[in-house]
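Every value quoted in this text rests on a predicted model; they were computed, and no experiment measured them.
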Amino acid sequence: MQSALVRLRRDTGLPVALGGLVLDRPGGPPAAPGRRGRLRIDALSGTCSNALRGVAVPSGSGLGGKAVALGRPCAVVDYTEARHISHEYDALVAAEGLRSVLAVPVIVRRQVRGVLYGAMRSAQPLGERILTAAVAAARDVEQALVVRDEAHDLLMAAREPAAGADAWERVREAHSALRALAPRISDPQLRSELAEVYGTLAAAAEPAVRPAPQVRLAPRELDVLACVALGATNAVAAEHLGLGAETVKGYLRSAMRKLGAHSRWEAVVAARRAGLLP
């Protein structure tokens with residue numbers, strides 16, 4: 001969310017950005033798909049105070065609540081004078097000195113999961129260029145939520161007592177796909193958050209009995225092994241990772257040497273034992 005706010009300010013030129021996720025209950029965890037809760041503003045960028053931090057916004061209330069209820073961007077030229085929103089938050093908005101405000105919903109699987117706000121301290125119309133850039137910033141948050149939801153579902157399935165080979169195969173496929181996706185993301189914070197997700201997937205298998213990893217593999221060596229673990233040939237791994245086949249072969253040889261493995265499959269098994277792969 002914070003990364004999206006930085007992008008929103010950079011790409012729109014707006015001096016202030018706010019954002020938050022829809023919660024199951026005030027102070028609770030983010031709402032799951034299909035659940036309806038309150039929006040809580042918990043990320044600020046460019047503000048002069050914390051007046052708006054932690055504010056809970058029910059669906060339909062204020063500008064953000066209207067965006068949640070309608071599932072589309074909403075904007076006002078002068079917040080406190082706007083006729084088509086409710087005015088429960090006028091004092092807080094005025095305390096921050098905000099006038100023109102834009103609210104863009106974050107939508108995942110047709111459910112509003114959050115809102116990004118952009119604002120100015122003068123009453124001016126917010127044009128199409130600003131709206132387009134704000135919507136693009138919201139898409140970043142949507143992608144991050146999709147990844148988090150899928151990772152959570154996979155982890156829950158894998159940790160079920162009756163979880164079988166199919167569940168673990170899904171975890172491994174997701175791990176490989178996320179590792180391949182991460183280098184293509186230009187935003188460093190989002191890329192770091194994605195790395196945390198696939199790191200959690202890698203550590204999910206039998207954490208209680210795993211020793212601390214004694215082998216350090218380079219990120220690309222792990223990327224290649226993650227593909228090999230799914231049965232990919234060097235050519236397929238190269239296409240998946242956007243690398244040359246000879247480059248993939250070099251990474252694989254290096255990983256095998258570090259792991260003391262004599263074959264591709266031995267390297268995968270050793271990496272799993274070390275907690276480097278799920």
>> Checking Arg38 against Leu23 for the side-chain contact (heavy atoms from CB on, under 4.5 Å) test, could you report, in this order, the C-alpha distance in whole Å, the side-chain angles of both residues, the deciding distance, and whether it holds?
In response: CA-CA 5 Å; Arg38 293 187 173 210; Leu23 309 178; 5.6 Å; no
>> Does anything in residues 124-135 form a side-chain hydrogen bond (donor to acceptor under 3.5 Å, both in side chains)? List the pairs, not counting sequence neighbours.
In response: Ser122-Gln124
> Which residue pairs pass the side-chain hydrogen bond (donor to acceptor under 3.5 Å, both in side chains) test when at least one of the two sits in residues 64-73, sequence neighbours left out?
Replying inline: none
[X] side chain near [Y] side chain, heavy-atom distance below 4.5 Å:
X: Leu241; Y: Arg220; result: yes
X: Val108; Y: Gln111; result: no
X: Pro125; Y: Ser100; result: no
X: Val236; Y: Cys227; result: no
X: Val68; Y: Val57; result: no
X: Leu126; Y: Leu131; result: no
X: Val104; Y: Val115; result: no

With sequence neighbours left out, write down each residue that passes side-chain hydrogen bond (donor to acceptor under 3.5 Å, both in side chains) with [X], or none if nothing qualifies.
X: Asp42; value: none
X: Thr233; value: none
X: Ser86; value: Glu88

> Taking it one step at a time, do Tyr79 and Val101 satisfy side-chain contact (heavy atoms from CB on, under 4.5 Å)?
Replying inline: CA-CA 7 Å; Tyr79 191 97; Val101 184; 4.0 Å; yes
Considering all heavy atoms of both residues, which atom of [X] and which atom of [Y] are nearest to each other, and what is their separation?
X: Ala267; Y: Met256; answer: CB-CG, 3.8 Å
X: Val248; Y: Ala238; answer: CG2-CA, 3.6 Å
X: Thr12; Y: Ala134; answer: CG2-N, 4.0 Å
X: Pro105; Y: Gly71; answer: CG-C, 3.7 Å
X: Pro15; Y: Ala119; answer: CD-O, 3.2 Å
X: Leu116; Y: Ala4; answer: CD1-CB, 4.2 Å

Please tell me whether [X] and [Y] are part of a single hydrophobic cluster in this structure, the criterion being side-chain heavy atoms less than 4.5 Å apart.
X: Val269; Y: Val228; answer: yes
X: Trp265; Y: Leu276; answer: yes
X: Val6; Y: Leu18; answer: no
X: Val77; Y: Val93; answer: no

By salt bridge (Lys or Arg N to Asp or Glu O under 4.0 Å) - contacts of [X] (at least two apart):
X: Arg9; value: none
X: Asp90; value: none
X: Arg264; value: none

Approximate separation, where rounding is to 0.5 Å, of [X] [atom1] and [Y] [atom2]:
X: Leu102; Y: Leu63; atom1: CG; atom2: CG; value: 7.5 Å
X: Thr247; Y: Asn234; atom1: OG1; atom2: CG; value: 10.5 Å
X: Leu98; Y: Leu52; atom1: CG; atom2: CG; value: 6.5 Å
X: Asp223; Y: Tyr251; atom1: CG; atom2: OH; value: 9.0 Å
X: Asp140; Y: Leu8; atom1: CG; atom2: CG; value: 10.0 Å

Sequence neighbours left out, what passes side-chain contact (heavy atoms from CB on, under 4.5 Å) with [X]? Give chain and number order.
X: Ala43; value: Met1, Gln2, Leu5
X: Arg139; value: Val135, Glu142
X: Lys258; value: Val215, Leu217, Glu221, Ser254

> Taking only residues at least two apart or on different chains, which pairs with a member in residues 93-103 satisfy salt bridge (charged side-chain N to carboxylate O under 4.0 Å, His left out)?
Replying inline: Asp78-Arg99, Glu96-Arg121
>> Walk me through whether Met120 and Leu14 qualify under side-chain contact (heavy atoms from CB on, under 4.5 Å).
In response: CA-CA 6 Å; Met120 301 177 66; Leu14 295 175; 3.3 Å; yes
>> Could you go through Leu21 and Leu39, starting from their C-alpha distance and side-chain angles, then the distance that decides it, and tell me whether this counts as side-chain contact (heavy atoms from CB on, under 4.5 Å)?
In response: CA-CA 6 Å; Leu21 297 178; Leu39 168 71; 5.8 Å; no
>> Tell me whether His87 contacts the main-chain N or O of Ala82 through its side chain, where contact means a donor paired with an acceptor under 3.5 Å.
In response: yes
